[in-house]
2 protein chains.
Amino acid sequence: MSHAVPTILDVAAAAGVSKSVVSRALAGAYGVAPATVERVKQAASDLGYVANANARGMSAHRTHTVGAFVRDASTPFYGHLLTAFQLRAAERGYRVVTATGAGSFSIAEERRALETLVALRVEGLIVCSGALPVEDVLPFAQRIPTVVAGRPERDESVSSVYCDEHGGGTALADRVADLGHERVAVFTVARSGSLTQSARTDAMARQLGARGVDVVLVRLEDHGDDPRRLDSAVDHVVAVGGVTAIMAPSDHWAVGVLEAMRRRGLRAPEDLSVTGYDGIMPFATELFGITSWRQPLDVIGSLSVDDVVDQIDGVTSRATHTAIDGTLVPGRTLAPR
Amino acid sequence: MSHAVPTILDVAAAAGVSKSVVSRALAGAYGVAPATVERVKQAASDLGYVANANARGMSAHRTHTVGAFVRDASTPFYGHLLTAFQLRAAERGYRVVTATGAGSFSIAEERRALETLVALRVEGLIVCSGALPVEDVLPFAQRIPTVVAGRPERDESVSSVYCDEHGGGTALADRVADLGHERVAVFTVARSGSLTQSARTDAMARQLGARGVDVVLVRLEDHGDDPRRLDSAVDHVVAVGGVTAIMAPSDHWAVGVLEAMRRRGLRAPEDLSVTGYDGIMPFATELFGITSWRQPLDVIGSLSVDDVVDQIDGVTSRATHTAIDGTLVPGRTLAPR
DNA sequence: TTGTAAGCGTTATCAT
DNA sequence: ATGATAACGCTTACAA
């Protein structure tokens, strides 16, 4: 409990030099005698000195930090994005600090988390939330380089890097239509719940319609809020009759659908085909085998960092919008009619 | 691109008062005329003022921030922990900043991430890494309240909150023995790879032995580094002969085992029973059905935060070690012999 | 090569 | 109720 966290002055005293010399020596020795550098470094590590980033940021007007906001770190989707950020940021000489919502999905909470990042004076902002409206991001984006990752955006003042939801939903729907399904249920979530998920299901429904497939739209929010919601939705599908495939807004939802089916003794794809969306780790495994559409999160993460950093470094001035292509994950839950 | 981030002086000017008044008004109005408070708040929100946390931290000697280090945010295990931290910290009036390793699993990287947090002058540290040796944590723990979450620790100077690995491994092994298995393969990872995983598999092997079960120890690191490692391990188990169950160090590994079995036309639990460990979301679902041992991550996360915050607030002085009980997840991959 | 001093945006102490 | 003013720990001209 040696409460005294060493400051640059302690190091200076220990090395017998002034604090300016310490600062320069530790920064990268520009105009400091090699012997002195050695002495300073020794003293610093002896004392366990770690420069106060707050003080440094104030005087240097630079923090070399980008802030990442993720809506909910507990889902693998955001988790993968986070590690991708970290990896690329380190390569480009920046650190990443992350803030997340408090698990609750209130917009106010999310805005508060963003403010935490801004208060830290991060030099760039990466926002990942399917729910936070762009209007809440804009005030920050006008002041500091910002990129929205993982969802499409059209605004002029904020960059975005995302997987083409429309293209993915369309391609997946084509696949279903190709396999001869003539009546398909599309499960949707409220637009306010997830912009991305509703975008892709919109595309699915549209494309199925264009292909002459009969679409049964099942709004999940109409089926209550409890965990048994999907039972009710699946029952509904069965009651409608003639449906041979269900398209879910995400792998996560698809798992729920499969579980609900299982409780009813229905098997996929024998009784009913099922598709998901996202194609990330746990669900896209061979064992799970959900037919899905994979978003290359590592690419999205990497490009997001590049975008903010380029803006910070002044390489880029205008906001850019980058759509990444996804790929089909064949899986085993979708079969010909 | 109004590059000018407003400072307290801008707000003061806009409100026609001194910066001291702004500081007090925004902090919580102690000795400030109600009318003035109103004027200041208005000016602040007009300007989009967000106080510089770095400057505040310097002068106030408090950051009201705890730092969380997680080894790899992309796994649901750590992700759930993160949201639990966030939730509880918010309740106790602290913010959480998170740093993660760069996806690579180098100890140096992890130490660097810890230093990032310390540089930010977080008031407390929560470390979650199955790999980082405690010696690397100690130097920090001596200076700032620290808790290691998710793995047991015995050191006097650092708290820990963890799920009882020994108890869990033992209970799971008992379950397997109870079901009449007489020859069981236990898959293990290197102690240096994961302290927690090796702790639980040690307990499994020990208890199986105590119950008179024949234990086949399969060291996964002996089977190479490639993704096909588990194929080789499973082949080995089959070659040994007589094995009726495999106990994996985690659900993640168990999934791999199930996939490898699947490639060989082996089914669980008909041909071979399989158990995992962790019991968290994607794998412990009804659909996946892995027999496992659940760690209550929300409780661990919440208690971890309480521990650091209590240390910060001076409620607690000594390091504490808290073991949380887990629960059996029945699943469907373990059957009587 | 090294040291001195100013300033970064806050909060806290002390006057007014 | 309000306003100067001194820290806080660091970087960075500028001086020596």
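Here is how names work: the chains are called A, B, and so on, in the same order as the sequence lines, proteins then strands, and each is numbered from 1. The basis for the numbers below is simple: all heavy atoms, side chains too, and nothing from hydrogens, waters or symmetry mates.
Rounded to an integer number of Å, the gap from CG of Leu26(A) to C1' of dG9(D) is 14 Å. Rounded to an integer number of Å, the gap from Leu120(B) CG to dC10(D) C1' is 15 Å. Ile8(A) places its CD1 atom 19 Å from the P atom of dA7(D), with the value rounded to the nearest Å. Atoms NZ (Lys19(A)) and P (dG9(D)) sit 10 Å apart, rounded to a whole Å. Here dG9(D) presents its C1' atom at 14 Å from NE2 of His61(A), a figure rounded to the nearest Å. When the C1' atom of dA7(D) is taken as reference, atom CG of Asn52(A) falls 14 Å away, rounded to whole Å. Between Asn54(B) atom CG and dT11(D) atom P there is a gap of 13 Å when expressed in whole angstrom units. Regarding Leu9(B), its CG atom lies at a distance of 12 Å from the P atom of dA4(D), rounded to whole Å.
The shortest distance between the side-chain N/O atoms of Ser18(B) and the OP1/OP2 oxygens of dG3(D) is below 4.0 Å.
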Restricting to nitrogen or oxygen on both sides, can you table the protein-nucleotides 13-15 of chain D pairs closer than 3.5 Å?
none

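Ion pairing between Lys41(B) and Glu38(B) fails under the 4.0 Å rule for side-chain N and carboxylate O. Salt bridge Asp10(B)/Lys19(B): absent, no basic N to carboxylate O contact under 4.0 Å. Under the 4.0 Å criterion applied to side-chain N and carboxylate O atoms, Arg112(B) and Glu115(B) are not assigned as salt-bridge partners. Using a cutoff of 4.0 Å between basic side-chain nitrogens and carboxylate oxygens, Glu153(B) and Arg151(B) are scored as salt-bridged.
A distance of 12.0 Å separates CD1 in Ile8(B) from CG in Leu47(B), rounded to the nearest 0.5 Å. Distance check, rounded to the nearest 0.5 Å: CZ of Arg71(B) to CD1 of Ile107(B) gives 7.0 Å. The structure places OH of Tyr78(A) at 11.5 Å from OG1 of Thr100(A), a figure rounded to the nearest 0.5 Å.
Ala51(A) comes within contact range of the sugar-phosphate backbone alone, with a heavy-atom separation under 4.0 Å but no base atom that close.
When each of Ala55(B) and Thr36(B) is assigned the nucleotide of DNA chain D with its nearest heavy atom, Thr36(B) is the one assigned upstream, toward the 5' end.
Side-chain polar atoms of Asp307(A) and Thr320(A) form a donor-acceptor pair below 3.5 angstrom. Side-chain contact of Glu123(A) with Thr65(A): a donor-acceptor pair under 3.5 Å is absent, judged by distance alone.
In the set dC10(D), dG3(D), dC8(D), the nucleotide with an atom closest to the side chain of Val17(B) is dG3(D).
In 5' to 3' order, the nucleotides of DNA chain C bounding all contacts with chain B (an atom under 4.0 Å from a heavy atom) are dG9(C) to dT13(C).
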